[in-house]
Amino acid sequence: MAWTKYQLFLAGLMLTTGSINTLSAKWADMFSAPGCNGTPDHAFSHPFVQAVGMFLGELSCLVVFHILLCHDRCKPEPTMDPGQSFNPLLFLPPALCDMLGTSIMYIALNMTSASSFQMLRGAVIIFTGLLSVAFLGRRLQPSQWIGILVTILGLVVVGLADFLSGHGNDSHKLSEVITAAVTTVFLLKNIFLVIIIVENSFFGFVILSLLLIPMFYIHVGSFADNPRQVLEDALDAFCQIGHKPLILLALLGNTVSIAFFNFAGISVTKEISATTRMVLDSLRTVVIWVMSLALGWEVFHGLQILGFIILLLGTALYNGLHKPLMAKLPCCPGEQRAEEEEAPERERLLGEGKAANES
């Protein structure tokens with residue numbers, strides 16, 4: 001069935017804004033500028049400030065929704081369904097997990113390349129599978145277990161490419177790359193506890209903004225790249241932005257793109273399918289990798305291609321993209337029928353997982 005113009009627009013919007021989101025965040029990390037009180041040029045390393053900006057972008061989706069809802073209620077015959085009422089505090093625990101995962105994500109992005117960071121996010125199917133077995137009582141198909149193992153292999157290859165290439169410079173130590181890989185995977189474990197983006201964005205924005213105050217006084221030594229060596233120096237971030245306004249442009253790109261990316265991603269899942277969203281997310285990795293090479297942010301390494309292909313294979317096996325080919329081969333009718341019965345549930349879970357992303 002051919003896609004409509006609206007569906008093509010949604011797919012293009014998701015691919016474009018998703019790529020801009022990661023690239024703009026990495027662009028901000030690559031700036032150097034003087035800080036407060038005459039401190040010399042130093043790298044813009046403020047992951048928690050970036051996380052606040054991301055939550056602000058997601059929160060804008062909630063603001064737009066309420067504006068549209070209020071406008072609809074002014075009509076003689078409202079058409080929008082506001083949904084079932086609920087206690088917003090129910091979403092506080094997953095919001096805290098999302099806040100922690102998002103913050104760690106920006107720490108990891110500062111330590112590794114944009115393309116490797118995006119590829120490492122392929123670990124999402126590992127936690128999807130394991131958590132669905134543990135908490136939902138699902139029984140994974142053999143092809144899904146194979147897909148998980150293949151994905152783990154792909155992650156190892158991508159990580160090895162990071163170790164060997166060093167991103168084209170010596171600014172990232174081996175220990176930092178290892179930390180980036182671990183924290184990115186940890187992010188993916190937490191991010192799947194997210195249920196509804198807009199509620200989490202409200203709690204995340206408010207709580208993380210308040211936490212910037214104690215972070216200003218928590219010394220973490222050489223782990224921090226800011227001059228005061230504290231967990232987060234928001235004042236230093238604003239001073240650097242004042243000295244180099246292009247940093248603000250990069251942060252705004254991250255904030256605005258995440259809002260449109262979430263809208264487009266959820267709409268693609270609704271209007272087309274969750275599988276299509278997964279494929280577009282894979283293409284997003286290719287765009288980020290190609291743009292990073294074109295901009296000179298990293299050097300070409302053949303292992304990244306191999307790792308990406310392995311990750312694609314693992315993702316395809318887990319999500320059953322091989323089944324149209326297998327359907328042409330003689331197989332056990334009972335097994336085929338069981339797989340067909342589980343397909344809607346798998347599509348639903350994939351859609352819920354993709355709607356929770358990261359960010």
Distance only, no hydrogens: is a donor on one side chain within 3.5 Å (strictly under) of an acceptor on the other, for S282 and T285?
-> no

Side-chain contact test, heavy atoms from C-beta onward, threshold under 4.5 Å: evaluate it for I309 versus L313 and give yes or no.
-> no

State, yes or no, whether a side-chain contact exists between V286 and F308 at a heavy-atom distance under 4.5 Å.
-> yes

Quick check: does any side chain N or O of E232 sit under 3.5 Å from a backbone N or O of V49, one acting as donor and the other as acceptor?
-> yes

Which atoms form the tightest heavy-atom contact between H243 and P34, and what is the distance?
-> ND1-O, 3.3 Å

Side-chain donor/acceptor of R284 to backbone N/O of L15, under 3.5 Å | no

Begin with the C-alpha distance, continue with both residues' side-chain angles, and end with the deciding distance and a verdict on side-chain contact (heavy atoms from CB on, under 4.5 Å) for L317 and I146.
-> CA-CA 7 Å; L317 286 172; I146 295 174; 3.9 Å; yes

Cluster link I148 to V156, ILVMFWY, side chain under 4.5 Å | no

Can you name the nearest heavy-atom pair linking N110 to F44, along with the distance?
-> ND2-O, 4.1 Å

Interatomic spacing from OG1 in T17 to CZ in F260 - rounded to 0.5 Å | 8.5 Å

Evaluate the criterion side-chain hydrogen bond (donor to acceptor under 3.5 Å, both in side chains) for residue pair S45 and D29; output intermediate values, then yes/no.
-> CA-CA 6 Å; S45 179; D29 292 338; over 6 Å; no

Sub-3.5 Å donor-acceptor pair from the side chain of R228 to the main-chain atoms of F216, do we have one?
-> yes

Would you call W27 and L295 a side-chain contact if the rule is heavy atoms closer than 4.5 Å?
-> no

Flag side-chain contact, heavy atom, 4.5 Å: L155 against L311 = yes

Following the transitive rule for hydrophobic clusters with a side-chain heavy-atom cut-off under 4.5 Å over Ile, Leu, Val, Met, Phe, Trp and Tyr, establish whether F263 and V63 coincide in one cluster.
-> no

Considering non-hydrogen atoms only, spot the tightest contact between S115 and Q304 and give its length.
-> OG-NE2, 3.1 Å

Can you tell if the side chain of I288 reaches within under 4.5 Å of the side chain of K26, non-hydrogen atoms only?
-> no

Flag the pair I207 / L92 as yes when at least one side-chain heavy-atom distance between them is below 4.5 Å, and no otherwise.
-> yes

Does the side chain of F55 reach to within under 4.5 Å of the side chain of M99, using non-hydrogen atoms?
-> yes

T16 side-chain N/O to L13 backbone N/O, donor-acceptor pair under 3.5 Å = no

Hey, what do you get for CG (L246) to CD1 (I241), rounding to the nearest 0.5 Å?
-> 11.5 Å

So with a 6.0 Å cut-off around CZ of F48, is the heavy-atom count from everything else above 12?
-> yes

For L212 against A234, the heavy-atom pair lying closest together = CD1-CB, 4.5 Å

Same cluster or not: are I67 and L56 linked, directly or through other Ile, Leu, Val, Met, Phe, Trp or Tyr residues, by side-chain heavy atoms under 4.5 angstrom apart?
-> no

Taking atom CG of N87 as the centre, report whether more than 12 heavy atoms of other residues, nucleotides or ligands fall under 6.0 Å from it.
-> yes

Decide yes or no on side-chain contact (heavy atoms from CB on, under 4.5 Å) for F117 and M105, but give the supporting numbers first.
-> CA-CA 9 Å; F117 164 80; M105 176 184 72; 3.1 Å; yes

Working for side-chain contact (heavy atoms from CB on, under 4.5 Å), residues W297 and M30 | CA-CA 9 Å; W297 292 358; M30 299 180 70; 3.4 Å; yes

When hydrophobic residues are tied together by side-chain contacts of less than 4.5 Å, even through go-betweens, does L210 share a cluster with V230?
-> no

Same apolar cluster (I L V M F W Y, side chains within < 4.5 Å links), V52/I213 | no

Inspect the surroundings of CZ in F238 and state if more than 12 heavy atoms from other residues, nucleotides or ligands are less than 6.0 Å away.
-> no

Where the side chain of T276 meets the backbone of I272, is there a donor-acceptor pair that is under 3.5 Å apart?
-> no

Going from OH on Y318 to OG1 on T151, what distance comes out if it is rounded to the nearest 0.5 angstrom?
-> 9.5 Å

Does K244 reach the main-chain N or O of S32 with its side chain, forming a donor-acceptor pair under 3.5 Å?
-> yes

Between atom OG1 of T315 and atom CD1 of I310, what is the distance when rounded to the nearest 0.5 Å?
-> 11.5 Å

Any sub-3.5 Å donor-acceptor pair from H301's side-chain atoms to L303's backbone N or O?
-> yes

Are H46 and D236 close enough that a side-chain donor and a side-chain acceptor fall under 3.5 Å?
-> yes

Taking the side chain as every heavy atom from C-beta outward, state whether W289 and Q118 have any atom pair closer than 4.5 Å.
-> no

Show your reasoning for whether side-chain contact (heavy atoms from CB on, under 4.5 Å) applies to D72 and L68.
-> CA-CA 6 Å; D72 183 70; L68 294 176; over 6 Å; no

How many angstroms lie between atom CZ of R139 and atom CH2 of W145, to the nearest 0.5 angstrom?
-> 11.5 Å

Check for a donor-acceptor pair, side chain of T269 on one end and backbone N or O of G265 on the other, with a separation under 3.5 Å.
-> yes

Does R138 use its side chain to pair, donor to acceptor, with the backbone of V133 at less than 3.5 Å?
-> no

Taking all non-hydrogen atoms of both residues into account, name the closest pair between A33 and I247 and its distance.
-> CB-CD1, 4.4 Å

Starting at CD1 of I218, measure out to CE of M215 and round the result to the nearest 0.5 Å.
-> 7.0 Å

Of all heavy-atom pairs linking A51 and L208, the shortest is CB-CD2, 3.5 Å

Cut-off 3.5 Å, no hydrogens considered: what does the side-chain donor-acceptor table look like for residues 248-259, sequence neighbours left out?
from : atom 1 : to   : atom 2 : distance (Å)
N254 : OD1    : N21  : ND2    : 2.7
N254 : OD1    : Y106 : OH     : 3.4
N254 : ND2    : Y106 : OH     : 2.9
T255 : OG1    : G53  : O      : 3.1
T255 : OG1    : L251 : O      : 3.0
S257 : OG     : N21  : ND2    : 3.3
S257 : OG     : G253 : O      : 2.6
S257 : OG     : N254 : O      : 3.1

Okay, side chain of S116, backbone of T112: is any donor-acceptor separation there less than 3.5 Å?
-> no

